[in-house]
Q: 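Quick one: the structure is below, and I'll ask about it shortly.
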Amino acid sequence: MISKTGDHQHSCIFCINKLILLKLSEAKNSVINWPIIFKLLGYIILGISASLSFPLAIALATGDGGIMPLAVSLLVGLTVGGSVVLYFKTGPHEINQKEGILIVVMAWLVAVAVGTLPYLLSPYFSGLTDAFFESMSGFTTTGATILSDIEGLPLSLHFWRALTHWLGGMGIIVLGIAILPLIGAGGNVLYNAESSGAKSEKLKPRIAETASALWKVYFFFTLLEYLALRYAGMTRFDAVCHAFSTMATGGFSTKALSIESFSSPLIEYIIIVFMLISGLNFALHYRFMVKREIKVFARDSESIAYFGIAILATVSITVALLLNSSSSVEESFRMALFQVVSTMTCTGFTSTNWESWVPFAQFLLLILMFIGGCTGSTAGGIKVSRFVLLRRVITREFRRITAKRGVFSIWKDGKAVPESTINSMLNLVYLFFVVNFFISLILIATGVDIVTAISATTTCMSNVGPGLGQVGAYDNYSGLPALAKWALISGMLTGRLELYTALVIFSRSFWRK
């Protein structure tokens with residue numbers, strides 16, 4: 001009896017000790033280590049600032065008007081970033097979830113801030129609002145511009161615009177993980193905080209190796225497109241800039257009329273191919289190219305739906321164009337295919353003024369803005385996989401109504417989808433539309449018409465670029481009020497980080513210990 005009591009007491013003491021250790025662990029994880037956050041942000045500032053040396057080299061070679069803005073921005077960025085890195089002393093520390101989220105959001109903001117400096121110091125942007133808008137649009141690969149005279153911009157600043165696309169396309173944090181050993185094991189937290197869905201799939205045992213593998217695939221396709229565009233007749237400079245914009249699904253062009261300026265069907269078809277590639281999951285590209293999994297796309301339900309939606313939309317718009325214009329079958333097909341792929345992948349290039357199309361075709365493109373590309377791609381939008389899952393959830397509810405005693409699971413690619421994943425998807429779709437409506441209301445309150453407000457909000461949250469009304473294919477965002485621009489800036493970042501990461505920092509529970 002005494003033995004049993006003693007065992008019971010020892011068991012109680014063990015449980016209490018375990019509970020205390022657990023609470024201490026939770027408390028430790030809830031405390032935010034600001035020095036490590038600022039030190040990592042310092043490295044991000046240094047990295048983005050160092051990338052300014054590329055457009056600066058172009059400015060020095062051509063003697064254009066970008067020398068002073070780029071040189072000063074480079075000096076300021078290196079000074080600030082270096083000072084932050086040297087000032088904050090850190091020891092070994094595993095980044096927790098809260099710190100990871102803060103680092104991701106703040107890293108994007110400081111990257112955009114550094115990218116704003118060359119625009120702010122140049123005479124081509126009217127002030128902080130326009131400069132910050134252009135930089136945010138570049139890094140988030142939105143492609144919405146406030147420039148009225150795009151071709152009047154110096155070549156060096158054109159290159160910087162395209163480079164911000166390319167750096168932001170695969171992700172600032174993914175780039176940082178690939179090159180910063182300081183992040184260590186905490187890279188998993190950062191990678192998952194910035195990415196979502198299939199993008200967070202680990203291709204290698206170490207997360208830094210996964211990030212590096214994705215960047216190698218990204219670089220390979222960029223180089224391949226550059227060579228293809230050069231073969232099609234583009235200049236070296238235009239080919240580089242458009243390869244950067246395409247692979248990042250960004251949309252910034254060196255021409256006022258975008259791809260239409262080149263008047264080349266071959267260039268259009270090349271860009272179509274690489275936009276389609278960019279809209280697919282890069283993890284699947286890696287498995288196809290490196291691991292030789294030949295049927296990886298054919299077995300992926302999201303990829304199948306992605307191509308199916310693109311084909312259906314292209315055929316529908318082609319028929320609409322043939323019935324309402326004098327264009328040939330090939331021209332109608334090419335225009336429809338280009339705009340469908342450009343919109344669905346959220347690239348935002350234009351090959352024609354699609355605002356002159358019939359309302360049916362315009363409305364289809366608006367729907368494609370919401371859908372977006374595949375998870376794990378550089379495309380924006382809600383993502384195809386979520387719409388595939390949403391359709392299956394609705395189908396399951398229909399079955400439940402007709403057969404109430406049945407137990408129905410949702411399957412995807414041969415695996416049962418957990419209910420937590422379904423709930424997360426439903427919450428994200430709900431959040432997307434709530435934020436969309438809220439930002440649209442802000443724009444309408446500033447005097448923007450309803451069509452422009454809804455399309456501008458959708459195109460910025462989905463990181464597409466051109467919309468309808470005042471922000472159409474041949475227009476820009478310069479005429480919008482300052483408050484509307486800042487509302488759209490928030491929409492770009494929120495959409496790029498897929499809502500949860502950007503919005504959770506505004507919740508009281510996030511800051512509780």
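The analysis underlying the following values was restricted to heavy atoms, covering all of them including side chains, and did not include hydrogens, waters or symmetry mates. Fair warning: this is a prediction, and the values are worked out from it, not measured in the lab.
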Q: Are Glu498 and Arg386 ion-paired here, with the side-chain N under 4.0 Å from a carboxylate O?
A: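 Here Glu498 pairs with Arg386 in a salt bridge, since their nearest N and O are under 4.0 Å apart.
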
Q: Please verify the inter-ring angle class for His158 with Phe237; under 30° counts as parallel, over 60° as perpendicular, anything in between as tilted.
A: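 It falls in the perpendicular class, over 60°.
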
Q: So which heavy atom on Thr375 is nearest to which on Ser385, and how close?
A: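 Where Thr375 meets Ser385 most closely, the heavy atoms are CG2-OG, 3.3 Å.
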
Q: If you define the side chain from C-beta out and look only at heavy atoms, does anything of Leu426 sit under 4.5 Å from Tyr430?
A: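 A side-chain contact under 4.5 Å is absent here.
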
Q: How long is the gap from CG on Leu389 to NZ on Lys383, to the nearest 0.5 Å?
A: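 Rounded to the nearest 0.5 Å, the CG-NZ separation comes to 15.0 Å.
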
Q: Aromatic ring centroids of Trp486 and Phe133 under 6.0 Å?
A: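 No; Phe133 has its ring centre 6.0 Å or more from that of Trp486.
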
Q: Can you give me the closest heavy-atom contact between Leu322 and Ser327, atom names plus distance?
A: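 That would be CD2-O, 3.8 Å.
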
Q: Is the shortest side-chain heavy-atom distance between Gln470 and Leu480 below 4.5 Å?
A: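 Side-chain contact under 4.5 Å: yes.
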
Q: Check whether Thr350 reaches the backbone of Thr352 with its side chain - one donor and one acceptor, N or O, closer than 3.5 Å.
A: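 Absent.
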
Q: After noting the C-alpha distance and the side-chain angles of Thr145 and Glu134, does the key distance pass the side-chain hydrogen bond (donor to acceptor under 3.5 Å, both in side chains) rule?
A: CA-CA 6 Å; Thr145 183; Glu134 197 79 8; 2.8 Å; yes

Q: Does Ile450 CD1 have over 12 foreign heavy atoms under 6.0 Å away?
A: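 Not more than 12 within 6.0 Å, no.
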
Q: Please check if the distance between the ring centroids of Trp160 and Trp166 is under 6.0 Å.
A: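 Ring centroids of Trp160 and Trp166 are no less than 6.0 Å from each other.
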
Q: Is the OH atom of Tyr269 crowded by more than 12 outside heavy atoms at less than 6.0 Å?
A: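 Enclosed.
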
Q: Go through the steps for Phe433 and Phe370 under the test ring pair (Phe, Tyr, Trp, His ring centres under 6.0 Å), then give the verdict.
A: CA-CA 10 Å; Phe433 284 102; Phe370 284 102; 5.4 Å; yes

Q: For Leu229 versus Ala243, what's the shortest heavy-atom pair and its separation?
A: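 That would be CD1-N, 4.2 Å.
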
Q: Take a 6.0 Å sphere around CZ of Phe510 and say whether it holds more than 12 heavy atoms from other residues, nucleotides or ligands.
A: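 It does: Phe510 CZ has more than 12 such atoms within range.
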
Q: Could you tell me which non-hydrogen atom of Ala232 sits nearest to which non-hydrogen atom of Ser264, and how far apart they are?
A: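 Distance-wise, the nearest heavy atoms are O-OG, 4.5 Å.
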
Q: Are Phe252 and His165, when compared by the centres of their aromatic rings, separated by less than 6.0 Å?
A: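 When the ring centroids of Phe252 and His165 are compared, they turn out to be within the sub-6.0 Å range.
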
Q: Shortest non-hydrogen contact from Leu214 to Met170?
A: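 Looking at all heavy atoms of both residues, the shortest contact is O-CE, 3.9 Å.
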
Q: Could you tell me whether the side chain of Thr457 and the main chain of Ile454 form a donor-acceptor pair under 3.5 Å?
A: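 Checking the backbone N and O of Ile454 against the side chain of Thr457, no donor-acceptor pair under 3.5 Å is found.
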
Q: Asp238 side chain to Met234 main-chain N or O, any donor-acceptor pair under 3.5 Å?
A: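 The answer is no, because no donor-acceptor pair under 3.5 Å joins these two groups.
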
Q: Quick test of your reading of the model: are Glu260 and Arg334 salt-bridged, counting only N-O distances below 4.0 Å?
A: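 Salt bridge absent between Glu260 and Arg334.
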
Q: Give a yes or no on whether the backbone of Leu468 and the side-chain of Ser455 come within a donor-acceptor separation of less than 3.5 Å.
A: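 Between the backbone of Leu468 and the side chain of Ser455 there is a qualifying donor-acceptor contact (under 3.5 Å).
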
Q: Verify side-chain contact (heavy atoms from CB on, under 4.5 Å) between Tyr306 and Thr345, making sure each step is shown before the conclusion.
A: CA-CA 10 Å; Tyr306 170 73; Thr345 60; 3.3 Å; yes

Q: Quick one: does Thr249's side chain have a donor or acceptor within less than 3.5 Å of a partner on Thr378's backbone?
A: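 Between the backbone of Thr378 and the side chain of Thr249 there is a qualifying donor-acceptor contact (under 3.5 Å).
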
Q: What is the distance from atom OH of Tyr474 to atom OG of Ser258, rounded to the nearest 0.5 Å?
A: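 One finds 9.5 Å between OH of Tyr474 and OG of Ser258.
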
Q: Centroid separation under 6.0 Å, is that true for the rings of Phe349 and His242?
A: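 Yes, the ring centres sit under 6.0 Å apart.
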
Q: Could you tell me whether the side chain of Ser377 and the main chain of Cys374 form a donor-acceptor pair under 3.5 Å?
A: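 Such a contact is found between Ser377 side chain and Cys374 backbone.
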
Q: Can we say Glu397 and Arg400 salt-bridge, meaning some charged N sits less than 4.0 Å from an Asp/Glu carboxylate O?
A: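 A salt bridge is present here (some side-chain N lies under 4.0 Å from a carboxylate O).
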
Q: Hey, could you give me the CZ/SG distance between Phe159 and Cys241, rounded to the nearest 0.5 Å?
A: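 Answer rounded to 0.5 Å: 6.5 Å.
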
Q: Decide yes or no for Lys291 and Tyr286: does some side-chain heavy atom of the first lie under 4.5 Å from some side-chain heavy atom of the second?
A: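 Yes. Closest side-chain heavy atoms under 4.5 Å.
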
Q: Between Leu499 and Val504, is a side-chain contact (heavy atoms from CB on, under 4.5 Å) present by the stated rule, with each step listed?
A: CA-CA 8 Å; Leu499 293 114; Val504 70; over 6 Å; no

Q: Which residues pass the side-chain contact (heavy atoms from CB on, under 4.5 Å) test with Asn427, not counting sequence neighbours?
A: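 Tyr500.
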
Q: What heavy-atom pair brings Gln362 and Trp354 nearest, and what distance separates the two atoms?
A: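 Where Gln362 meets Trp354 most closely, the heavy atoms are CG-O, 3.6 Å.
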
Q: Hey, would you say the His285 and Phe282 ring centroids sit under 6.0 Å apart?
A: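 Centroid separation for His285 and Phe282: below 6.0 Å.
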
Q: Going through the checks in order, is the side-chain hydrogen bond (donor to acceptor under 3.5 Å, both in side chains) test met by Ser332 and Thr318?
A: CA-CA 5 Å; Ser332 297; Thr318 300; over 6 Å; no

Q: Less than 4.5 Å apart, side chain to side chain, heavy atoms only: is that true for Ser316 and Leu364?
A: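 Contact flag for Ser316/Leu364 side chains = yes.
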
Q: To the nearest 0.5 Å, what is the distance between OG1 on Thr140 and CE on Met461?
A: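 So the gap between those two atoms works out to 12.0 Å.
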
